[in-house]
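Computed from a predicted structure; not experimentally measured. Basis for what follows: all heavy atoms, side chains included, without hydrogens, waters or symmetry-related copies. Every chain is numbered from 1 and lettered A, B, ... according to where its sequence line falls, protein lines coming before strand lines.
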Amino acid sequence: MSLLELKNVYKIYGELHALDDVNLKVEKGEWVSIMGPSGSGKSTMMNIIGCMDKPSKGEVLLDGVDIAKESKKNLTTIRRDKIGLIFQQFHLVNYLTAVENVMLAQYYHSIPDEKEALEALERVGLADRAKHLPRQLSGGEQQRVCVARALINYPEIILADEPTGNLDEANEEIVVDLFHKLHSEGTTLIVVTHDPEVAEVAQRRIVLRSGKIAKEVRNENFTGKIRFDS
Amino acid sequence: MIVALLSIAIGATILSGLVSIYYDVPRQMGAEFRNYGANVIFTAKDDSFTLDKVNEGAAEFESGSVVGVSPFRYENVRINEKPVVAAGTDPEGVKKTSPYWMVTGEWLEHDGQLLVGAKVADTFRLKEGSVIDVSYTPQTEKQVDEKGERIAIEDNVKTFTVSGILDTGGSEEEYVYMTLADISELAGGGSRIDVAELSVSATGDVLKNTVSAINDKVSSVHASLVKRVTASEATVLTKLQALVLLVTIVVLALTMICVATTMTAVVAERRKEIGLRKAIGATDMSIIKEFMGESIMLGFCGGLLGSVLGFVFAQQVSVNVFSSSISFRPLLVPVTVIASMLVTGLSSLMPIRSATDVDPALVLKGE
């Protein structure tokens with residue numbers, strides 16, 4: 001059984017079909033990237049997979065459970081237990097330190113554990129920045145805190161929305177390396193990106209156009225390492 | 001948040017201050033009303049009563065609430081062969097129960113002195129320092145002897161010095177006042193009291209209940225309220241307290257509006273954070289608990305600050321308006337804090353409701 005399966009999924013806003021009969025399977029431990037131009041339905045798909053929205057039609061099976069039929073409260077529970085979210089804008093709470101931002105995810109999941117949160121920061125190479133506020137961190141460091149927060153509760157899937165959109169090349173490489181590390185540990189990754197270099201690192205690349213899957217490319221030379229053209 | 005804290009603190013200050021004044025107004029106004037004379041009168045149930053009974057009755061009032069007691073014994077006396085009503089009293093007691101008496105010269109202070117009502121002084125052309133004889137004809141049952149001849153009754157005569165002239169604008173100006181000892185000596189003995197006036201610092205039901213307790217317990221004394229004083233005192237107090245209550249309610253309502261507006265602004269400002277919290281697993285209940293916790297904590301701090309400032313505010317009002325200080329009421333601190341917590345909690349309901357409506361997907365897209 002696939003970890004995630006979208007069956008004939010539609011998302012319709014009036015006349016607009018943001019998703020139009022989308023079918024997709026993501027296996028456990030797979031690294032998938034989703035590409036497409038603006039308005040192609042990437043964000044809508046991410047919101048639905050991330051349990052933040054429901055499809056107008058179709059089934060979305062996450063670990064065998066059709067999340068399209070779940071209540072708002074259950075979707076929150078599923079999101080909390082199974083999904084780790086990484087955002088382009090990082091979305092760290094500005095009055096909490098790096099370690100407290102990581103512990104925030106623990107707080108809603110179970111019990112905050114500073115030691116574990118520090119270990120997560122260590123995994124992303126930020127152990128020495130644990131007590132810093134977001135404004136004292138660079139963009140790349142903030143994104144790494146965001147990654148640490150996403151993985152702290154051992155989610156089934158890490159869902160990243162333009163994770164390198166606000167980063168320079170050096171930090172982009174660091175974040176992609178982190179994804180590679182997580183993937184090699186068995187974490188399932190779904191990365192929505194505009195950046196072809198980041199998209200090409202994944203095992204499978206899906207291209208959306210006008211709410212439909214226009215292309216699906218399997219990376220035969222998967223290394224998990226980013227290759228810059230220049 | 002600082003604005004919300006300040007508005008709660010100001011609201012709590014006004015609340016605490018006005019409640020202090022609300023409870024202190026009866027005492028303050030009571031003291032003011034005591035300037036208008038006695039509010040309780042003891043009269044004889046049957047014929048007369050004694051000073052002991054007056055004291056027994058006065059002891060029924062709460063300790064410290066009796067401002068003054070003035071017993072009166074009235075006798076018909078004569079000055080220059082003209083009849084005048086003389087009142088024997090306790091001069092110190094009268095000073096307290098009738099502070100509005102205007103005396104030209106000296107107050108009655110000791111035996112041998114006479115305080116003369118203005119009308120009597122006019123009639124006899126008396127002034128401060130005048131020396132006059134006051135005579136009293138003893139009352140006897142037998143006016144004739146066995147032979148049917150009229151018995152000559154010798155008057156008791158006592159010489160007094162006029163200490164001062166009394167001006168009240170009322171019937172008191174038609175009397176002469178002397179000490180109880182003098183009137184007893186003049187009347188040939190006895191310790192009869194006809195009326196006693198009491199000035200008591202109490203209002204409403206307390207006064208009524210004590211008066212009826214005196215009527216039940218103290219024999220030979222009939223206590224009653226001076227309605228024109230007690231009723232107008234009650235009316236003024238009720239109106240003042242109603243005004244204070246109204247202002248308190250208006251202030252609380254304004255505080256609620258201010259807190260609700262501030263909390264709405266806080267929620268709007270933190271929409272992204274709320275969205276993030278929901279995205280990483282916060283349920284609506286967690287959001288409600290967090291914001292309600294913050295509001296209640298705000299109410300606690302504001303209430304604590306306000307209860308201290310409120311006492312200072314009430315003290316200033318009391319000193320400037322009533323020229324007396326108020327006592328600190330410790331119970332008002334928890335009451336103010338709880339009221340502030342309730343007000344902030346209630347004011348935050350609508351903003352918190354809007355916080356739960358934040359859609360994490362929309363917020364995280366920066367919409």
Participant: Could you tell me which portion of Tyr95(A) (side chain, backbone, both or neither) has an atom closer than 4.5 angstrom to a non-hydrogen atom of chain B?
Facilitator: side chain

Participant: Against Leu276(B), only a single residue in Val93(A), Leu85(A), Leu92(A) fulfils side chain to side chain contact (heavy atoms under 4.5 Å, CB included); can you say which?
Facilitator: Val93(A)

Participant: Picking from Asp53(A), Asp81(A), Leu104(A), which has the most non-hydrogen pairs under 4.5 angstrom with chain B?
Facilitator: Leu104(A)

Participant: Would you find more than 12 non-hydrogen atoms of other residues, nucleotides or ligands less than 6.0 Å from Phe300(B) atom CZ?
Facilitator: no

Participant: How about NZ on Lys25(A), more than 12 heavy atoms from neighbouring residues, nucleotides or ligands closer than 6.0 Å, or not?
Facilitator: no

Participant: Give, as side chain, backbone, both or neither, the part of Arg277(B) having an atom under 4.5 angstrom from any heavy atom of chain A.
Facilitator: both

Participant: Working to the nearest 0.5 Å, report the span between NZ of Lys272(B) and CG of Asn94(A).
Facilitator: 11.0 Å

Participant: If the contact rule is any heavy atom under 4.5 Å from chain A, which residues of residues 280-296 of chain B qualify, in numerical order?
Facilitator: Ile280(B), Gly281(B), Ala282(B), Thr283(B), Asp284(B), Ser286(B), Glu290(B)

Participant: Using residues 32-42 of chain A as the side-chain source, report each donor-acceptor pair under 3.5 Å to any protein atom, sequence neighbours left out, with the distance given to one decimal.
Facilitator:
unit_1   : atom_1 : unit_2    : atom_2 : d
Ser33(A) : OG     : Ala199(A) : O      : 2.9
Ser40(A) : OG     : Pro37(A)  : O      : 2.7
Lys42(A) : NZ     : Gly36(A)  : O      : 2.8
Lys42(A) : NZ     : Pro37(A)  : O      : 3.3

Participant: Ala279(B) and Arg79(A): which non-hydrogen atoms are nearest, and at how many Å?
Facilitator: O-NE, 3.0 Å

Participant: Can you list the residues that meet the side-chain hydrogen bond (donor to acceptor under 3.5 Å, both in side chains) rule with Gln136(A), with sequence neighbours excluded?
Facilitator: none

Participant: For residues 242-261 of chain B, which side-chain donor-acceptor pairs fall under 3.5 Å, sequence neighbours excluded?
Facilitator:
unit_1    : atom_1 : unit_2    : atom_2 : d
Thr248(B) : OG1    : Val244(B) : O      : 2.7
Thr255(B) : OG1    : Val251(B) : O      : 2.7
Thr261(B) : OG1    : Ile257(B) : O      : 2.6

Participant: Please say whether more than 12 non-hydrogen atoms of neighbouring residues, nucleotides or ligands are located less than 6.0 Å from CD in Glu185(A).
Facilitator: yes

Participant: Do other residues, nucleotides or ligands put more than 12 heavy atoms under 6.0 Å from the CZ atom of Arg209(A)?
Facilitator: no

Participant: Would you find more than 12 non-hydrogen atoms of other residues, nucleotides or ligands less than 6.0 Å from Lys115(A) atom NZ?
Facilitator: no

